[in-house]
Amino acid sequence: MEGLYANGGVITVKKSEPVLVHPEVETDEGFYYLSNLDQNIAVIIQTVYCFKANEKKNSESASGVIKQALAKVLVHFYPLAGILTISSDGKLIVECTNRGVPFVEAVADCEMDVLGDIAMPDPATLGKLVHTYPGAKNIFENPLLTVQVTRFKCGGFVLGMTINHSMTDGISAMEFVNSWAETARGCLSLTVPPFLDRSILRSRQPPKIEFPHDEFAEISDVSNMATLYREEQMIYRSFYLDSEKLARLKKMATEDGSIKSCTNFTVLTAFVWRARSKALKMKSHQQTKLLFAVDGRSKFNHPFPKGYFGNGIILTCCLCSAGELMEKPLSFAVKLVQDAIKVVTEDYIRSTIDCFEVTRARPTLTATLLITSWTRLAFNTTDFGWGEPAQSGAVTLPEKEVVLFLSHGEEKKKNTGLLLGLPVTAMKTFQELMQV
């Protein structure tokens, strides 16, 4: 059923026809290799950046400046102007056709304040601020990147961007956007030039699968959650945990002595996994899986190339029965999360790459929670010449199984926000469980 989001005023946006922005000089043609870490996440990520009116600089010129800078920065990031296709060995690959990036100029009939707090995904409202292709039948019919600049009556503007996740993870996406912003400000060289060669993450020959890869494990829906999702409306909520709440969670996790300490991420991940499993009324013998991304860049024995353009993240996994998860103390779940982080070494990453090469398996999401954390991404430091964005955020969550962690409030390092969607009755239970 259609999802219900919590916020957002009604706005009308008048859009121009998209124009294609090409790299301003000729770039390489042919096929651009995508690694096995890029293969399983070909979903469209939609983000918006809100820039307030600037007394010193008129926003009417924003579209032109951002469009011109895009043409310049695409010289360095030229694969984004290509198209996604299938290689001869059946994997995703980019054909560098210089098709260009669709760019839309738009005008809203209201002031930007109508948007409210955009930390909460709101596709009904924020979806008007990004350029999408709702008629696309598959991922190949969507451009790899689209851009929309929307001006508001107050003089502020919103930059809306869609990007295919197979092209970037959060870190390389931010490096691209910041390079684009540097270019718009007139910088002659990029602080972090992209390293485009993804072949450094090719599979070994012959491939060696040296670890269990439970992220690909098939799970049966013995709790009949599919019916719950089908029959009830999805509702989306945001929750904020300040330093005191996080400290209480850490105390809960360490009071039985089985673990000595834990980070904000590990304890919150474990807590949300348990609470969501309870809210969905998983049966005791239901297998449940937790997936979360670990940045693999720091895990390599030799320094990973600075500015690596692509997915350097690895999905690591915890797997147990819902009964174990819910009946054992919080420390049990935290220990599973800690162990799943520790296992991520260069050998493990290479084994994951080789596993996909041999099996072409894709992570299944039945009875699964997928955590993605944006707490370390500097979304609010991107300056195209009109100052840093007043706020930024995601338009929607890509899958119903995804929970998003965000930094929140003025003391961002201490406070964490989380966003998720659940069927109505499950969300009611989850809200109660979050009262710690």
Side-chain angles (χ1 to χ4, degrees), residues 2-22 44-74 80-81 99-137 141-164 177 180-181 184 236 379 382-398:
E2 210 172 288
L4 178 65
Y5 287 76
N7 65 302
V10 177
I11 67 170
T12 301
V13 176
K14 187 177 181 181
K15 301 187 180 190
S16 69
E17 286 297 312
V19 297
L20 291 174
V21 177
H22 304 276
I44 302 298
I45 303 298
Q46 304 173 15
T47 51
V48 289
Y49 304 78
C50 301
F51 297 90
K52 286 189 173 177
N54 188 317
E55 293 177 3
K56 299 177 183 177
K57 199 167 184 180
N58 193 322
S59 68
E60 286 187 13
S61 63
S63 288
V65 169
I66 290 171
K67 187 197 296 182
Q68 189 176 24
L70 179 60
K72 291 179 183 294
V73 83
L74 282 175
L80 288 171
R99 164 178 152 174
V101 172
F103 189 100
V104 170
E105 297 183 47
V107 178
D109 68 343
C110 59
E111 301 204 343
M112 205 161 61
D113 289 347
V114 171
L115 298 177
D117 180 2
I118 67 167
M120 179 67 190
D122 177 17
T125 301
L126 300 181
K128 297 175 183 178
L129 305 177
V130 292
H131 179 54
T132 59
Y133 287 74
K137 298 181 184 69
E141 294 185 5
N142 281 292
L144 295 172
L145 174 69
T146 74
V147 179
Q148 179 176 317
V149 176
T150 306
R151 286 191 293 117
F152 286 75
K153 284 185 174 180
C154 56
F157 68 93
V158 170
L159 170 65
M161 183 176 82
T162 76
I163 196 164
N164 190 309
V177 174
W180 182 10
Y236 293 81
F379 280 103
T382 301
D383 180 1
F384 285 86
W386 282 264
E388 294 178 355
Q391 54 176 344
S392 59
V395 174
T396 185
L397 295 176

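- Taking both residues in full, the closest heavy atoms of Arg99 and His22 are given as O-CE1, 3.2 Å, listed atom of the first, atom of the second, then distance.
- The environment of NZ in Lys72 is sparse: at most 12 heavy-atom neighbours from other residues, nucleotides or ligands sit within 6.0 Å.
- In this structure, CG on Leu115 lies 5.5 Å from SG on Cys50, to the nearest 0.5 angstrom.
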For this session: List the steps and the verdict of side chain to side chain contact (heavy atoms under 4.5 Å, CB included) for Phe103 and Ser16.
Result: CA-CA 9 Å; Phe103 189 100; Ser16 69; over 6 Å; no
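- Under the 4.5 Å side-chain criterion, counting only non-hydrogen atoms from C-beta, Thr382 is not in contact with Leu159.
- Listed by chain and number, the residues in a ring-ring contact (aromatic ring centres under 6.0 Å, His included) with Trp180 are Phe176, Phe384 (sequence neighbours excluded).
- Rounding to the nearest 0.5 angstrom, the gap separating the CG atom in Leu70 from the CE atom in Met161 is 10.5 Å.
- Listed by chain and number, the residues in a ring-ring contact (aromatic ring centres under 6.0 Å, His included) with Phe152 amount to none (sequence neighbours excluded).
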Pair Leu129, Ile11 - check side chain to side chain contact (heavy atoms under 4.5 Å, CB included), show working.
CA-CA 10 Å; Leu129 305 177; Ile11 67 170; 4.1 Å; yes
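- By the side-chain contact (heavy atoms from CB on, under 4.5 Å) test, Asp113 is found to be paired with no residue, residues two or more places apart in sequence or in another chain being considered.
- A pairwise comparison of heavy atoms in Phe157 and Ser59 identifies CD2-CB, 3.8 Å as the closest pair.
- For His131, the ring-ring contact (aromatic ring centres under 6.0 Å, His included) partners at least two apart in sequence or on another chain are Tyr133.
- Here side chain to side chain donor-acceptor pair (under 3.5 Å) pairs that include residues 143-152, with residues two or more places apart or in two chains, are Lys15-Gln148, Thr146-Thr162, Gln148-Thr150.
- When all heavy atoms are compared, the tightest approach of Ser61 to Trp386 is OG-CZ2, 3.5 Å.
- Counting only distance, with no hydrogens or angles, the side chain of Glu111 and the backbone of Gly156 share no donor-acceptor pair below 3.5 Å.
- Applying the salt bridge (Lys or Arg N to Asp or Glu O under 4.0 Å) rule to pairs touching residues 100-109 yields Lys67-Glu105, sequence neighbours excluded.
- For the pair Asn164 and Ile44, the minimum side-chain heavy-atom distance is below 4.5 Å.
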